[in-house]
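Have a look at the structure below before the remarks.
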Amino acid sequence: MPGQEERAIAQVLLRWYERHRRDLPWRRTRQPYSTWIAETMLQQTQVQTVIPYYERFLARFPTVCALAQAELDEVLALWEGLGYYARARHLHAAAKLICERHGGELPATLEELLALPGIGEYTAGAILSIAFGQDVPAIDANAARVLCRLFDLPLDTTTAAAKRVLRRHAQELLPPGRAAEFNQALMELGSTLCRAKAPQCAACPLAPFCQAYQAGTQALRPLPKRRTAPPLKRLAAAFVERDGRLLLVRRRPEGLLGGLWELPSVELASPEEPPAEALSHLFGGGKAGECLAVIQHAYSHFRIEVAVCRYTLEGEPTLAGGPWDRLRWLSPQELASHALTGATRKTLQALGWPTAGRSL
DNA sequence: AATTCGGGGAG
DNA sequence: CTCCCAGAATT
């Protein structure tokens, strides 16, 4: 049951929707069949594209059983140009099932709808709320974006975890008995004002409630969808202590992390190469001790996993061709005044080396 | 969890 | 050119 704040948000949103809702063909009826067709056509497809297809389709197939009795070729012909042709095949197959098993009427439960080909979480929610008046959320990409901004949620809305969070928030906001209008209002707001780029917050009725707008983060919500997993680099780093000081090297000013200080490290030739062996190549001498920690760190385009090993050296080390231009032995106090890489800062913290620098 | 499936429109 | 759009099925 919504609290006071939630009720206020829903009320403002519904009032805005009454005044600004676009007059779309599928909004002139709430019959389950036409709702189903419209929602299916609208999957990943913009409103203006769908309108003529929707009208032709409903004129030719006015009922579930009319669709069920048609040849697939004719259904596909009416779909030509809309894309995602599996939608048409699924629609046709589901119509046959509905005509045979449900007497030509769409089922009114989530479980039965999800069992039909081409109907997933969103479409089932849309049919249940719009055609059957049930208090169920229907969250498409537009509604998800609105919710992310309203509650300032740093989520990638395509993940399963994000979908759970968003459904909980939507259910919380949903005014009982008015899910049809509420769900469409959320989507309408997302497609007109709360757009992905350049949201028009000045004109938005929810701006007074919008946590992202208050924080100025609306352009950062939702988070961009993650592409293929960034590659993982495995590194070995040397933890070389001498007289209470730690050996640090400075990365050359040009290039990645230029000018920052870090533990001497080297990329493993293969995941199987022992870190100690890689480090001996780095220094050309000395002796590796135990592994003190394994640190994970992520950059924008790759991740690293660093095996940090104790290491002992005779005399002064040399920088054998690494990407560095300086070398220093630093006390904990001196460390605090040097700019360290994130992975190095993380390593020192994990090992309990006292530094006054920022922790990550 | 990541890919695939189409095509159109905006910037 | 890239990103985005009333997602679902498959691997």
Side-chain angles (χ1 to χ4, degrees), chain A residues 13 17 20-30 32 34-54 57 76-94 97 110 113-131 136-149 155-164 166-167 170 179-200 219-232 303:
Chain A
L13 179 61
Y17 182 59
H20 293 89
R21 58 180 282 173
R22 291 169 290 179
D23 178 30
L24 302 173
W26 45 90
R27 284 183 179 161
R28 294 173 190 164
T29 165
R30 285 189 178 180
S34 51
T35 302
W36 173 41
I37 301 301
E39 293 302 335
T40 302
M41 287 185 169
L42 285 162
Q43 289 166 13
Q44 298 291 282
T45 310
Q46 297 187 337
V47 165
Q48 291 309 316
T49 306
V50 166
I51 290 175
Y53 284 90
Y54 172 83
F57 200 92
L76 283 171
L78 274 181
W79 205 271
E80 185 183 321
L82 253 194
Y84 285 110
Y85 298 95
R87 294 185 296 180
R89 297 194 301 271
H90 290 148
L91 216 45
H92 188 231
L97 289 173
L110 181 62
L113 285 172
L114 289 178
L116 293 169
I119 296 184
E121 193 82 32
Y122 164 75
T123 304
I127 293 171
L128 288 174
S129 61
I130 296 172
V136 178
I139 306 172
D140 72 330
N142 286 316
R145 185 172 54 252
V146 173
L147 292 168
C148 274
R149 287 174 175 163
L155 300 174
D156 166 3
T157 60
T158 65
T159 66
K163 289 184 203 300
R164 281 194 296 274
L166 294 174
R167 202 171 304 129
E181 300 95 317
F182 177 80
N183 287 340
Q184 293 184 82
L186 218 47
M187 294 188 273
E188 188 88 340
L189 188 70
S191 62
T192 57
L193 297 182
C194 197
R195 301 188 61 91
K197 293 180 181 175
Q200 298 172 46
L220 307 176
R221 304 288 180 259
L223 296 184
K225 169 167 46 176
R226 193 198 266 312
R227 312 184 177 289
T228 56
L232 175 69
R303 302 173 292 135

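Order of the sequence lines fixes the chain letters, A, B, ..., with proteins taken first and strands second; residue numbering starts at 1 for each chain.
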Interatomic distance, A:Leu91 CG vs C:dG7 P [rounded to whole Å]: 16 Å
Could you walk me through whether A:Leu91 and A:Arg87 pass side-chain contact (heavy atoms from CB on, under 4.5 Å), step by step? CA-CA 6 Å; A:Leu91 216 45; A:Arg87 294 185 296 180; over 6 Å; no
In terms of side-chain heavy atoms of A:Tyr122, which of C:dA9, C:dG7, B:dG9 is nearest? C:dG7
For the side chain of A:Thr45 and the backbone of A:Gln43, is there at least one donor-acceptor N/O pair under 3.5 Å apart? yes
Using atom P of each nucleotide, how far apart are B:dG8 and C:dA9 to the nearest Å? 24 Å
Contact class for A:Leu114 (heavy atom, under 4.0 Å): base, sugar-phosphate, or nothing? nothing
Heavy-atom nearest nucleotide on DNA chain C taken for A:Thr45 and for A:Lys197; more 5' hit belongs to A:Lys197
Give the rounded distance in Å between these two atoms: CZ of A:Arg164 and C1' of B:dA1. 12 Å
In whole Å, I'd like the distance from the CD atom of A:Gln46 to the P atom of C:dC3. 16 Å
Mind checking the P distance from B:dG6 to C:dT11? Whole angstroms is fine. 15 Å
Consider the side chain of A:Ala141, meaning its heavy atoms from C-beta on, and name the nucleotide among C:dA8, C:dC5, B:dG6 that approaches it most closely. C:dC5
Protein-nucleotide distance (A:Arg87, atom CZ; B:dG6, atom C1'), rounded to Å: 8 Å
Using a heavy-atom cut-off of 4.0 Å across all strands, would you classify A:Ala38 as base, sugar-phosphate, or nothing? nothing
Distance, rounded to the nearest Å, where A:Trp79 contributes CH2 and C:dA8 contributes C1': 12 Å
Taking for each residue the nucleotide of DNA chain C with the nearest heavy atom, is it A:Arg145 or A:Leu116 whose nucleotide lies nearer the 5' end? A:Arg145
Got a donor-acceptor contact below 3.5 angstrom from the A:Tyr84 side chain to the A:Met41 backbone? no
What's the CG-P distance between A:Leu82 and B:dG6, to the nearest Å? 12 Å
Mark yes or no for whether A:Arg221, through its side chain, and A:Cys148, through its backbone, hold a donor-acceptor pair below 3.5 Å. no
Salt-bridge present (A:Arg22, A:Glu188; N to O < 4.0 Å): yes
How close or far is atom P of C:dT10 from atom OH of A:Tyr84, stated in whole angstroms? 15 Å
Under 4.0 Å, counting only non-hydrogen atoms across every strand here, what does A:Gln48 touch: a base, just sugar-phosphate, or nothing? nothing
Euclidean distance, atom CD1 of residue A:Ile51 to atom P of B:dG9 [Å, nearest integer]: 13 Å
